[in-house]
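For ligands, and for the atoms within them, numbers begin at 1 and follow the listed sequence. Computed from a predicted structure; not experimentally measured. In what follows, every heavy atom counts, from backbone to side chain, and hydrogens, waters and symmetry copies are set aside.
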Amino acid sequence: MSALIVIDVQNDFCPGGALAVPEGDQIVSGINALMDEAEAVVLTQDWHPADHSSFASQHDGQEPYGLIDMPYGPQVLWPDHCVIGSAGAAFHPELTTDRAEMVIRKGFRRAIDSYSAFFENDHKTPTGLEGYLRTRGITTLTLVGLATDFCVAYSAIDAAKLGFDVTVRMNLCRAIDLNGSLETAKKDMAQAGVTLA
Ligand code: VGL
Ligand code: ZN
């Protein structure tokens with residue numbers, strides 16, 4: 001059985017949002033169309049407390065898009081985004097959410113970011129998505145959404161490492177592309193055995 005995993009298609013990642021991904025809104029209708037054919041649909045939602053440690057605003061003298069060392073490794077600092085319950089954290093208004101059988105939220109612990117839908121950025125703390133998919137007998141995943149080089153790539157690589165058969169539909173993703181992060185993400189996904197379609 002297969003599932004379509006729609007990563008973080010939220011207002012803050014679309015043009016006009018706090019961490020806008022260029023053309024982030026242009027993938028919405030294609031994703032809706034893909035949901036019509038999907039056996040199962042899972043949506044993910046970036047979901048941060050207002051004082052989340054990935055926000056540059058929480059670190060004196062730091063600017064968004066800088067890099068700091070966290071106990072779990074290097075962490076990019078972001079503008080405040082996807083704050084729990086805010087309009088920016090809501091799904092894009094044109095995204096079809098009715099087909100979603102599961103909505104998984106991530107990044108809700110102040111001290112640790114979570115790009116991947118499977119593990120937080122320590123690569124250890126599980127979100128529970130693996131167990132959900134396995135107990136439903138899902139082995140094949142198609143990933144789409146935002147952003148290609150962060151949450152989509154981290155999720156795809158973790159899924160491949162866990163043994164899922166993973167395809168990323170690149171035309172239904174858009175990237176932040178910070179210091180060559182898109183090229184790095186593509187290489188890392190291919191190396192992990194992810195199919196880039
Ligand atoms: C994301 C940066 C910070 C993403 C989430 O969805 O790719 N990127 N939080
Ligand atoms: Zn985030």
Would a 4.5 Å heavy-atom cut-off, applied to side chains only, mark Trp78 and Pro64 as touching? no
With no hydrogens and no angle check, just 3.5 Å: does a side-chain donor-acceptor pair link Glu39 and Ser2? yes
When rounded to the nearest 0.5 angstrom, what distance separates CD in Gln45 from CD1 in Ile104? 11.0 Å
Quickly, which of Thr135, Leu141, Thr140 forms a side chain to side chain contact (heavy atoms under 4.5 Å, CB included) with Ile138? Name it, please. Leu141
Can you sort out the partners of Asp165 under side-chain hydrogen bond (donor to acceptor under 3.5 Å, both in side chains), two or more places apart, ordered by chain and number? none
Shell check on the Zn ion (ligand 2): protein N, O or S atoms less than 2.8 Å away are Asp46 OD2, His48 NE2, His81 NE2
Between ligand 1 and Phe13, is the shortest N or O to N or O distance under 3.5 Å? no
Quick look: Asp113 vs ligand 1, heavy-atom contacts under 4.0 Å, and the answer is neither
Can you confirm, on distance only, whether ligand 1 has an N/O atom lying under 3.5 Å from any N/O atom belonging to Trp78? no
With a 3.5 Å cut-off and no angle check, do the side chains of Gln75 and Asp113 form a donor-acceptor pair? yes
For Leu172, which of Ile31, Leu4, Val28 qualifies under side chain to side chain contact (heavy atoms under 4.5 Å, CB included)? Ile31
Mark up the atoms of ligand 1 that fall under 4.0 Å of a heavy atom belonging to His81, in ascending order. 3 (C), 9 (N)
Of all the atoms in ligand 1, which lie at a distance below 4.0 Å from a heavy atom belonging to Asp8? 4 (C), 6 (O)
His81-Phe13 aromatic ring centre distance below 6.0 Å: yes
Spacing of CG belonging to Leu77 relative to NE2 belonging to His52, to within rounding of 0.5 Å: 11.0 Å
Considering heavy atoms of the protein only, find what lies nearest to atom 4 (C) of ligand 1 and give residue, atom and distance to 0.1 Å. Cys151 SG, 2.7 Å
Shortest protein contact, atom 5 (C) of ligand 1 (heavy atom only): Asp46 OD2, 3.1 Å
